[in-house]
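All chains are named by letter (A, B, ...) in the order of the sequence lines, taking the proteins before the strands, and each is independently numbered beginning at 1.
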Protein chains: 2
Amino acid sequence: MKKKPQNLISQKWEILLSQAGYRITQPRRAILDIIAESCRPLTPVEIYDLARARSSGIGLVTVYRTIEKLEELHLVDHVHHLGECQTVFRSSDHHQHLLICTNCGTSCYFDGLEVEEQFNQIGQQLGYEVTGHWLQLAGLCEDCQKSHNSKKVPE
Amino acid sequence: MKKKPQNLISQKWEILLSQAGYRITQPRRAILDIIAESCRPLTPVEIYDLARARSSGIGLVTVYRTIEKLEELHLVDHVHHLGECQTVFRSSDHHQHLLICTNCGTSCYFDGLEVEEQFNQIGQQLGYEVTGHWLQLAGLCEDCQKSHNSKKVPE
DNA sequence: TCGATATTGATAATCATTTTCAATAAGAGC
DNA sequence: GCTCTTATTGAAAATGATTATCAATATCGA
């Protein structure tokens with residue numbers, strides 16, 4: 001069993017799960033790593049397949065349950081994108097928004113948008129008290145701009 | 001059978017469906033009316049229940065199929081909100097964004113946001129070519145502000 | 001009015017997610 | 001390191017949402 005250098009994010013997640021009273025198991029560790037390392041939102045089944053490739057014998061149920069716990073601790077978010085509603089992506093620690101590649105899914109967080117005041121004004125005009133907003137950008141990442149349609153979704 | 005004054009939106013929708021080669025049937029008409037009249041996004045089952053209340057004997061399948069056609073003609077959009085991903089709401093004819101009440105779901109479209117240029121800049125910084133954005137505001141509508149202020153409880 | 005056929009609702013099939021449950025393994029205490 | 005409690009596991013079954021099948025029906029152009 002080779003020891004691979006562990007992802008910083010999943011290391012942090014393990015500590016947080018542990019502190020929350022959850023146990024760190026082999027399947028859970030594999031799932032954590034996969035989500036933490038991914039540069040794009042993944043579906044439960046995608047996570048399941050990737051986890052199986054690493055250490056066989058992981059059940060899809062365990063994927064769902066692990067996502068549930070990560071969600072509870074606000075370590076991942078559900079991302080809605082191109083019809084998909086159940087893809088999971090590591091969350092940002094501070095309030096940021098996602099920019100997603102429409103071709104390969106590769107995602108980046110960004111911030112520094114100064115629109116809060118505008119949002120409040122819009123709300124006022126319509127009689128609403130604005131309490132939150134949800135913004136997502138879509139586009140083509142650097143690689144996909146070059147290779148255009150030739151590239152398929154990476155595994 | 002009393003003749004109720006028909007909603008302007010569903011009237012328009014009937015014409016468009018007809019022009020697209022689809023037939024206008026009783027069940028379809030009921031479903032159109034319900035979606036067109038609704039001030040908030042509805043799930044297929046909600047539409048189904050409301051349609052049944054009007055004219056019994058409508059199948060849930062017909063609801064799905066009608067939504068499908070409305071979607072195809074870009075007359076309704078899927079709205080993602082509070083865990084729900086399959087709620088349907090009449091779309092805006094020009095490019096606008098939704099402001100949704102987190103309590104009752106009542107929704108309004110708004111526009112006039114000048115952030116396109118900012119979005120492009122953000123994309124450039126991250127190496128993306130921004131092609132679209134998705135923005136939704138959440139808040140409390142006028143009515144819900146009143147009924148909420150009386151029992152405001154901090155979490 | 002007639003007739004081709006799009007549409008219908010009931011039923012069955014599919015797919016995603018959740019629940020159940022006995023076996024297993026994590027990790028705290030010794 | 002060893003033991004014991006119990007959280008976690010995977011398989012299988014149950015649930016829920018959506019889609020496909022199909023014979024009967026209703027629409028709408030001719």
Rounded interatomic separation in angstrom, taking CD from Glu14(B) and C1' from dT7(C): 15 Å

Distance, rounded to the nearest Å, where Glu68(A) contributes CD and dA16(C) contributes C1': 15 Å

Does the Asn7(B) side chain pair with the main chain of Ile9(B), one donor and one acceptor, at a distance under 3.5 Å? yes

Kindly determine whether His80(B) and His78(A) satisfy ring pair (Phe, Tyr, Trp, His ring centres under 6.0 Å), including the steps that lead there. CA-CA 11 Å; His80(B) 305 247; His78(A) 278 290; over 10 Å; no

Tell me the interatomic distance from Glu84(B), atom CD, to dG16(D), atom C1', rounded to whole angstroms. 12 Å

Closest-nucleotide mapping onto DNA chain D: is Val63(A) or Tyr22(B) further toward the 5' terminus? I mean the 5' end. Val63(A)

Hey, is the side chain of Arg28(A) pairing donor to acceptor with the base of dT8(D) inside 3.5 Å? no

Given the side-chain rings of His97(B) and Trp134(A), with only the six-membered ring counted for Trp, is the space between their centroids under 6.0 Å? no

To the nearest Å, how far apart are Gln26(A) CD and dA7(D) C1'? 16 Å

Candidate nucleotides dT7(C), dT9(D), dT8(C), ranked by approach to the side chain of Arg65(B) - the nearest: dT8(C)

Rounded to whole angstrom units, what separation is found between the CG atom of Leu60(B) and the C1' atom of dT18(D)? 8 Å

Return whichever of Gly21(B) or Gly59(B) has its heavy-atom-nearest nucleotide of DNA chain C closer to the 5' end. Gly21(B)

Would you mind telling me which of dA17(D), dT7(C), dA10(C) lies closest to the side-chain atoms of Thr25(B)? dT7(C)

Given dT8(D), dT27(D), dT17(C), identify the nucleotide with an atom nearest to the side chain of Gln86(A). dT17(C)

Identify which nucleotide among dT18(D), dA16(C), dC28(D) has an atom closest to any side-chain atom of Pro44(B), counting heavy atoms from C-beta outward. dT18(D)

Kindly point out which of dT27(D), dA10(C), dT8(D) is positioned nearest to the side chain of Val61(B)? dA10(C)

Could you tell me how far apart Arg29(B) (CZ) and dC28(D) (C1') are, to the nearest whole angstrom? 13 Å

Are the side chain of Ser10(B) and the backbone N or O of Trp13(B) linked by a donor-acceptor pair below 3.5 Å? no

Whole Å only: how far is the CD1 atom of Ile67(B) from the P atom of dT18(D)? 9 Å

Check if the side chain of Arg23(B) and the base of dT5(C) share a donor-acceptor pair of N or O atoms closer than 3.5 Å. yes

Does the distance from a Lys or Arg side-chain N to an Asp or Glu carboxylate O, for Arg54(B) and Glu37(B), drop under 4.0 Å? yes

Taking atom P of dA16(C) as reference, at what distance in whole Å does atom OH of Tyr64(A) sit? 7 Å

